[in-house]
Amino acid sequence: MVFVGALAVNNYSNYRTTKDIDLAIAGPLDEQKLVRLGYTKWSESKGTSWLSPRGIKVDFYTKDVGRIPVTWILDNAVQVKLGKKKEIKVICLEGLMLAKHRAGRTTDIADLRQLMTRRGRNIDWNLMAEIAEPLEIAELRKISKALAN
């Protein structure tokens, strides 16, 4: 399980709040297990969104995130410590930036701008080349050059 949304953005650039959780998971979604754990289907979704027992909306991605295969996301995830004992995994910087770039919604563009400003100098362009098209890489390089601190 890898965090891929705003919680992942906050790992790289702590700047915004969110009311939902986005997770990339291996394999198909086990809906029966989610129901046993107290989750309920989010009525406005196509089956990937659920409400946790605490009422938090959770989106599960099993195939891709922004046309980035979940297998690639899982293989390249970054381990993050929360406190002294807890660890989670988040999508790598390159995958997150490309997913935000591809999504293109207002919030995603703001996230990408924030990521580029704070972390644009840390991009592994070879890793990015594994998942991005040459035109996307050229666009992201231009944005990075303009914004990176």
When rounded to the nearest 0.5 Å, the distance separating SG of C92 from CG of N11 is 11.0 Å
Rounded to the nearest 0.5 Å, the CD atom of E31 sits from the OH atom of Y39 at a distance of 13.5 Å
The residue among L96, N76, L98, L7 that forms side chain to side chain contact (heavy atoms under 4.5 Å, CB included) with I91 is L96
The reported gap from CZ in F60 to CG in D30 (rounded to nearest 0.5 angstrom) is 10.5 Å
Exceeds 12 heavy-atom contacts within 6.0 angstrom, atom CD of Q32: no
Tightest non-hydrogen contact, residues T18 and A6, listed as CB-CB, 3.5 Å
Side-chain donor-acceptor contacts of residues 123-137 below 3.5 Å, not counting sequence neighbours, with atom names and distances?
unit_1 : atom_1 : unit_2 : atom_2 : d
D124   : OD1    : N126   : N      : 3.0
D124   : OD1    : L127   : N      : 3.0
E130   : OE1    : W72    : NE1    : 2.8
E136   : OE1    : R102   : NH2    : 2.9
E136   : OE1    : E133   : N      : 2.8
E136   : OE2    : R102   : NE     : 2.7

Inset, instruction - State plainly whether one hydrophobic cluster holds both I109 and I68, where clusters connect Ile, Leu, Val, Met, Phe, Trp and Tyr through side-chain heavy atoms under 4.5 angstrom apart. - result: no
### Message
Less than 4.5 Å apart, side chain to side chain, heavy atoms only: is that true for W50 and L29?
### Response
yes
Contacts of A103 meeting side chain to side chain contact (heavy atoms under 4.5 Å, CB included) (sequence neighbours excluded), chain-then-number -> R105, D108
The complete set of salt bridge (charged side-chain N to carboxylate O under 4.0 Å, His left out) pairs with one or both residues in residues 140-149, sequence neighbours excluded, reads none
Tested for side chain to side chain contact (heavy atoms under 4.5 Å, CB included) against K89, the lone hit among V4, V2, I73 is V2
Contacts of D75 meeting side chain to side chain contact (heavy atoms under 4.5 Å, CB included) (sequence neighbours excluded), chain-then-number -> none
L51 meets the side chain to side chain contact (heavy atoms under 4.5 Å, CB included) criterion, sequence neighbours left out, with T40, W42, K57
Between T62 and V70 the two heavy atoms that sit nearest each other are C-CG2, 3.6 Å
Minimal heavy-atom distance between G120 and S144, with the atoms involved, is O-OG, 3.0 Å
Exactly one of T48, D22, I25 clears side chain to side chain contact (heavy atoms under 4.5 Å, CB included) with Y61, and that residue is D22
To the nearest 0.5 Å, atom NZ of K19 lies from atom CD1 of I56 at 12.0 Å
Shortest non-hydrogen pair, L74 vs A26, comes out as CD1-CB, 3.6 Å
NZ of K81 to CD1 of I88, rounded to nearest 0.5 Å, is 13.0 Å
Checklist entry - Is it the case that more than 12 heavy atoms not belonging to R16 sit under 6.0 Å from its CZ atom? => result yes
Exactly one of I143, V9, L115 clears side chain to side chain contact (heavy atoms under 4.5 Å, CB included) with M97, and that residue is L115
Between M116 and L140 the two heavy atoms that sit nearest each other are CE-O, 3.5 Å
Sorted by chain and number, sequence neighbours left out, side chain to side chain contact (heavy atoms under 4.5 Å, CB included) with Q114 holds for S13, Y15, R118
